[in-house]
Amino acid sequence: MDKQTPSEELMARVSEGDDYAFQILANRHQASVLNMIYRFMGDRSKSEDLAQETFLQVWRAAKSYQRKSKFTTWLYRICVNLCLNEIKSARRKKWLQFFLNAPDSKHPENKTLIDESSNPEDLLLARERSRQITNVLQSLPENQRIALILKRYVDLSYEEISHVLGCSVSAVDSLIVRAKRTLQKKLEKS
Amino acid sequence: MKCHTIEEKLSAYQDGELSVSEKEQVERHLDSCQSCREQQVKIQQTWQSLGDLQEIPTPAGFYGRITQKIHHSPRQGLIGALQWGNWGFKALPSAVITSITLAIGILFGTYVGNSLAKFQPFHRPIVFSEESLLSSLKMFEPVPPGTLSDGYERLMSSVQLHIENESHPK
């Protein structure tokens, strides 16, 4: 077992309680999971918590993993479910705060990693551009946003996305078409 | 093929999701249609601009924190699933929780009610006898036995008897 071992094989070992296989899996996928969540949620600290929770769920539910299904599809399904639950919970909290007339203390940070060696002007422009794109992404409906992110940043095929979202391939196509159109309009405006 | 049909396929074309024949159809149309070609360029630019969104680094100690959480929580099993705080348990609809609480309340209430009713007067065996018949006929008396009026009359008669005894000691 090494870094070349397929994720499906590692996951099969994890389901038998192999800690080392889990470590390799987590190290292999942590960056993509974290960034996928960050792009979807737009909040860095929340994204870190959710990424950790995703791997925790992977460990807990290891026995329910079926080797015939692709590991990344299974992983991102967990990830998407956690994100959607978090959004629902945040929405409930928001309503509660609205009724209790309490101010919302937490706002998305929208901080991004920029190469600090760049000159200040480039740095500022890159930050501004990144912020614009984050805002435009956040304005998309959740199902369009998640489909687009899984395609653009995780590079899943339409079929894999359909397995993650539990819908048909044509539905994924439709979601991505609509997302691209909305993005195009909004980015043209900005 | 009409522009509208091609426009619908441009996104999948860009993502490499079309079949070979569909891809050829789109490419043939793009060769001859300036408007669709412009639309294709716009989609491409939008797609590329998404690449400006920077990545965030994985924080130091990320894996360590996962293992910490693992050691503080058991694997998902029947017991794990039923633990308070588990997201699956939290996801139980409030209607189900309300129904269960109500059912427990009804059962508990019925049990308590039946336990109390065992003593008086519901479960007293009814045996027909001359005495019970006479007793039941007392229901038609001006002051039926066992009522508040009967209690008041008895109390007053005993108080009167007590006063008489005190005023005329034997």
Side-chain angles (χ1 to χ4, degrees), chain A residues 17 19 22-23 26-27 30-31 33-35 38-39 44 47-48 51-64 82 85 89 111-115 126-127 129-130 132-134 136-137 148-149 151-153 157-159 169 172-174 176-181 183-185 187-188, chain B residues 4-19 22 38-81 83 85-88 90-91 93-94:
Chain A
D19 290 359
F22 180 68
Q23 190 178 351
N27 287 334
Q30 63 189 16
V33 165
L34 176 66
N35 277 286
Y38 172 63
R39 278 157 183 158
R44 192 165 171 169
S47 304
E48 286 174 11
Q52 283 171 16
E53 189 60 31
T54 300
F55 287 103
L56 190 65
Q57 291 289 336
V58 167
W59 174 261
R60 281 176 175 169
K63 285 205 160 84
S64 70
L82 283 170
N85 283 342
S89 153
K111 280 185 191 168
T112 49
L113 176 73
I114 310 287
D115 182 8
R127 264 200 191 132
R129 186 68 183 152
S130 196
Q132 270 180 358
I133 292 165
T134 304
V136 171
L137 268 180
L148 187 91
I149 288 170
K151 182 67 211 168
R152 179 65 177 88
Y153 300 106
S157 68
Y158 283 10
E159 196 180 348
V169 174
V172 171
D173 183 25
S174 166
I176 293 179
V177 166
R178 279 184 282 153
K180 282 180 183 174
R181 280 182 189 157
L183 275 179
Q184 193 178 322
K185 280 179 198 163
L187 285 173
E188 274 172 6
Chain B
H4 175 72
T5 318
I6 293 296
E7 275 176 14
E8 289 296 313
K9 291 184 175 180
L10 284 179
S11 166
Y13 171 73
Q14 182 206 22
D15 291 340
E17 294 282 342
L18 292 183
S19 66
E22 282 178 318
E38 283 172 8
Q39 181 59 26
Q40 165 66 8
V41 171
K42 280 182 184 173
I43 292 175
Q44 193 66 35
Q45 283 170 344
T46 307
W47 201 240
Q48 278 169 354
S49 66
L50 289 174
D52 293 341
L53 189 59
Q54 307 283 323
E55 286 203 347
I56 54 169
T58 312
F62 181 84
Y63 180 74
R65 283 196 287 280
I66 296 171
T67 49
Q68 263 182 356
K69 284 184 181 179
I70 285 172
H71 291 132
H72 286 100
S73 62
R75 276 192 185 214
Q76 188 112 16
L78 184 62
I79 295 167
Q83 272 182 339
N86 183 290
W87 70 270
K90 274 194 248 175
S94 54

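All chains are named by letter (A, B, ...) in the order of the sequence lines, taking the proteins before the strands, and each is independently numbered beginning at 1.
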Checklist entry - Can you name the closest pair of heavy atoms from B/Ser49 and A/Arg129 and give their distance? => result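 Taking every non-hydrogen atom into account, CB-NH2, 3.3 Å.
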Next on the checklist: For A/Arg152 versus B/Gln48, what's the shortest heavy-atom pair and its separation?
Outcome noted: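 In this case the closest contact between A/Arg152 and B/Gln48 is NH2-O, 3.9 Å.
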Please classify the contact between [X] and chain B as side chain, backbone, both or neither, with a heavy-atom cut-off of under 4.5 Å.
X        : answer
A/Glu188 : side chain
A/Leu187 : side chain
A/Leu148 : both

With a 4.5 Å cut-off on side-chain heavy atoms, are [Y] and [X] touching?
X        : Y       : value
A/Tyr153 : B/Leu53 : yes
B/Pro59  : A/Leu34 : yes
A/Lys151 : B/Asp15 : yes
B/Ile70  : A/Asp19 : no

Would the distance check show the side chain of [X] and the main-chain N or O of [Y] forming a donor-acceptor pair, the cut-off being under 3.5 Å?
X        : Y       : answer
A/Gln30  : B/Thr58 : no
A/Lys180 : B/Ser11 : yes
A/Arg44  : B/Ile56 : no

Item to check | Partner chain B: residue of A/Phe22, A/Tyr158, A/Phe55 with the largest heavy-atom pair count (under 4.5 Å) | outcome: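 Of A/Phe22, A/Tyr158, A/Phe55, A/Tyr158 has the most heavy-atom pairs under 4.5 Å with chain B.
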Next on the checklist: Rounded to the nearest 0.5 Å, what separates atom CD1 in A/Ile133 from atom OG1 in B/Thr46?
Outcome noted: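 The OG1 atom of B/Thr46 is 10.0 Å from CD1 of A/Ile133, to the nearest 0.5 Å.
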Checklist entry - Could you state the interatomic distance from CD (A/Glu53) to NZ (B/Lys69), rounded to the nearest 0.5 Å? => result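 Taking CD in A/Glu53 and NZ in B/Lys69, the distance rounds to 5.5 Å.
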Item to check | Whether over 12 other heavy atoms sit under 6.0 Å from A/Glu159 CD | outcome: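 Not more than 12 within 6.0 Å, no.
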Checklist entry - Is chain A contacted by the side chain of B/Gln39, its backbone, both, or neither, given a heavy-atom distance below 4.5 Å? => result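 Side chain only.
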Next on the checklist: Less than 4.0 angstrom from a charged side-chain N to a carboxylate O is my criterion; do B/Glu8 and A/Arg181 meet it?
Outcome noted: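 Yes, charged N to carboxylate O under 4.0 Å.
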Checklist entry - Could you go step by step and tell me if B/Phe62 and A/Asn27 meet the side chain to side chain contact (heavy atoms under 4.5 Å, CB included) rule? => result CA-CA 9 Å; B/Phe62 181 84; A/Asn27 287 334; over 6 Å; no
